[in-house]
There are 2 protein chains.
Amino acid sequence: MAENTGGEGLLFLTDEQLRKGIEAMFFAYRGFTADPDRILETKDYGRAHHRAVHFIHRSPGTTVSNLLLILGVTKQSLNRVLRSLIDDGLVRSEKGKVDARERHLHLTDKGQMLERELSDAQRARMRAAYRTAGPQAVAGFRQVLEAMMDPEMRRQYNRLKEGG
Amino acid sequence: MAENTGGEGLLFLTDEQLRKGIEAMFFAYRGFTADPDRILETKDYGRAHHRAVHFIHRSPGTTVSNLLLILGVTKQSLNRVLRSLIDDGLVRSEKGKVDARERHLHLTDKGQMLERELSDAQRARMRAAYRTAGPQAVAGFRQVLEAMMDPEMRRQYNRLKEGG
DNA sequence: TTGGAAAGTCAACAAGGCTGACATAAATTC
DNA sequence: GAATTTATGTCAGCCTTGTTGACTTTCCAA
């Protein structure tokens, strides 16, 4: 079957093409989470912990509210996860100095270690995929993903993208 | 910040680049599931039902074992979902003619209707993203996703890709 | 000083994963 | 033909991670 996904600028969006994209997202996301999941399992954490650790690492000193926005879960759900990370000494929560209602979140050294382990694994897979596909494919990959986001999430993504 | 994701064939895989890819996957997957999730909510189904319906539609007459392979869950987990779909008259389960131990799964008309509704929504978003990003980006998108899959999942994906 | 925002907590619930144990029918092997 | 294996289904119980609702404490700002 001729794929016709080439760069000739034609529209080619058959249902078949779109379905393949949908299934690619499904199977790829499984791969994407597989390595961290294996690590987390050995440590009695889950994906929710990974996400929190990732974004705290990404934006040290971020507040709970901000994290809620990014993760898109309820504070009760996030709190449960943060609670265990704080109790286990991976995350430090500090009262804000300008606004003392806010809690600013940081990874401890122990938290950094877990983050490192998880992101090393995830980056390794991403790196391998990027190498296999090549730079041009990577640019396209990012473009399509970005276009697939909800506008609000795209805002969050771009905010993070430019160091912040 | 110069992005340097262009097509000049150099290696550019900084941790920063990889992190962006990781976050793009995270946020994009949220968008990817958002529309079906909204529809499913109104019908008291979840993502697990969507996945079952999708792959039964995709491979009519598929067996329970095959579905287990593709979805990567336990039979107990799948059974709970199939049970409700069968009881609600969306899926028909038939004893195999050559091997009567197997159950062959089909969508009923009602099941086809739900599948249509869900996939229309998901395709609409995918189509919009593809249009925005352009054909060349789409090819790259698919290449990277494919490279990101576990080998076993890539096999499943390719099996499905070529009608079947 | 009071209203509302930020955060935390308790309780209860649901979806959808998981394991383990067991049942049944049918196919396959010995 | 008997024994074993395979495909499926089901019961029971557990876990994670999401949800809603109610309530409190803290504290900024009008």
Side-chain angles (χ1 to χ4, degrees), chain A residues 26 29-30 33-34 36-56 61-88 91-106, chain B residues 26 29-30 33-34 36-56 61-88 91-106:
Chain A
F26 172 69
Y29 199 77
R30 290 252 291 271
T33 56
D37 281 356
R38 263 189 294 274
I39 294 168
L40 290 158
E41 211 176 328
T42 71
K43 300 186 156 45
D44 270 29
Y45 291 125
R47 263 183 222 181
H49 299 86
H50 183 188
R51 292 196 281 264
V53 164
H54 174 96
F55 285 108
I56 293 170
T62 190
T63 62
V64 173
S65 301
N66 188 38
L67 214 46
L68 286 176
L69 262 176
I70 289 171
L71 297 176
V73 297
T74 58
K75 65 173 174 172
Q76 292 91 331
S77 203
L78 176 57
N79 194 252
R80 179 166 38 201
V81 165
L82 281 182
R83 187 77 268 137
S84 66
L85 291 172
I86 292 168
D87 290 350
D88 295 353
V91 166
R92 185 161 43 83
S93 166
E94 278 183 351
K95 253 185 193 172
K97 297 202 166 152
V98 339
D99 183 339
R101 289 167 304 179
E102 295 180 335
R103 297 305 133 99
H104 296 278
L105 303 169
H106 298 265
Chain B
F26 172 69
Y29 199 78
R30 289 253 291 272
T33 55
D37 281 356
R38 263 189 292 275
I39 294 167
L40 290 158
E41 210 176 327
T42 71
K43 300 185 156 45
D44 270 30
Y45 291 126
R47 265 183 221 180
H49 299 85
H50 184 186
R51 292 196 280 266
V53 164
H54 174 96
F55 286 108
I56 294 170
T62 190
T63 62
V64 173
S65 302
N66 188 38
L67 214 44
L68 286 175
L69 261 177
I70 289 172
L71 297 176
V73 297
T74 59
K75 65 174 175 168
Q76 294 90 330
S77 207
L78 176 58
N79 194 252
R80 179 165 39 198
V81 165
L82 279 183
R83 190 75 269 136
S84 66
L85 290 173
I86 291 168
D87 289 351
D88 295 354
V91 167
R92 187 162 41 85
S93 167
E94 278 182 351
K95 247 185 197 174
K97 296 199 168 155
V98 337
D99 185 336
R101 290 170 305 179
E102 296 180 335
R103 295 303 133 98
H104 296 278
L105 304 169
H106 298 266

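In what follows, every chain begins at residue 1, and chains take the letters A, B, ... in the order their sequences are listed.
For dG17(C), neither phosphate oxygen OP1 nor OP2 lies less than 4.0 angstrom from any side-chain nitrogen or oxygen of T74(B). Between dG16(C) and S77(B), no contact under 4.0 Å exists linking OP1 or OP2 to a side-chain N or O. Within the structure, a side-chain polar atom (N or O) of K95(A) is placed less than 4.0 Å from OP1 or OP2 of dC27(D). Residue R47(B) places none of its side-chain N or O atoms closer than 4.0 Å to OP1 or OP2 of dG16(C).
With rounding to whole Å, L82(B) atom CG is found 13 Å from dG16(C) atom P. In this structure, CG of L40(A) is placed 18 Å from P of dG17(C), rounded to the nearest angstrom. Going from atom CZ of R83(A) over to atom C1' of dA11(C) covers 17 Å, rounded to whole Å. L68(A) places its CG atom 13 Å from the C1' atom of dG18(D), with the value rounded to the nearest Å. N79(B) has its CG atom 16 Å from the C1' atom of dG20(C), to the nearest Å. In this entry the distance linking CG of D99(B) with P of dT5(D) reads 17 Å, nearest Å. Per the geometry, NE2 belonging to H50(B) stands 18 Å off P belonging to dA15(C), to the nearest Å. The CD-P distance, from E94(B) to dA25(C), rounds to 20 Å in whole Å.
Here the CZ atom belonging to R83(B) is positioned 4.5 Å from the CD1 atom belonging to I86(B), to the nearest 0.5 angstrom.
Looking at which nucleotide of DNA chain D each of L105(B) and A48(A) is closest to, the 5′-most match is held by L105(B). A residue-by-residue look at R51(A) and K75(A) shows that R51(A) has its nearest nucleotide of DNA chain D further toward the 5' end.
Side-chain proximity of Q76(A) to the nucleotides dA6(C), dT19(D), dC28(D) is greatest for dT19(D).
L105(B) pairs in a side-chain contact (heavy atoms from CB on, under 4.5 Å) with only one of the listed residues (N66(B), L82(B), T63(B)), which is L82(B).
Side-chain contact between K95(B) and R103(B) is present, with at least one heavy-atom pair separated by less than 4.5 Å. The closest side-chain heavy-atom distance from L71(B) to F55(B) is below 4.5 Å.
Among the heavy atoms of the strands lying under 4.0 Å from R80(B) is at least one base atom, whether or not backbone atoms are also near. Contact annotation for H49(B): backbone-only contact, meaning every heavy-atom pair under 4.0 Å involves sugar-phosphate atoms and none involves a base.
Put simply, the side chain of R101(A) and the base of dA5(C) share a donor and an acceptor less than 3.5 Å apart.
By the 30° and 60° cut-offs, the orientation of the rings of H54(A) relative to H50(A) is perpendicular.
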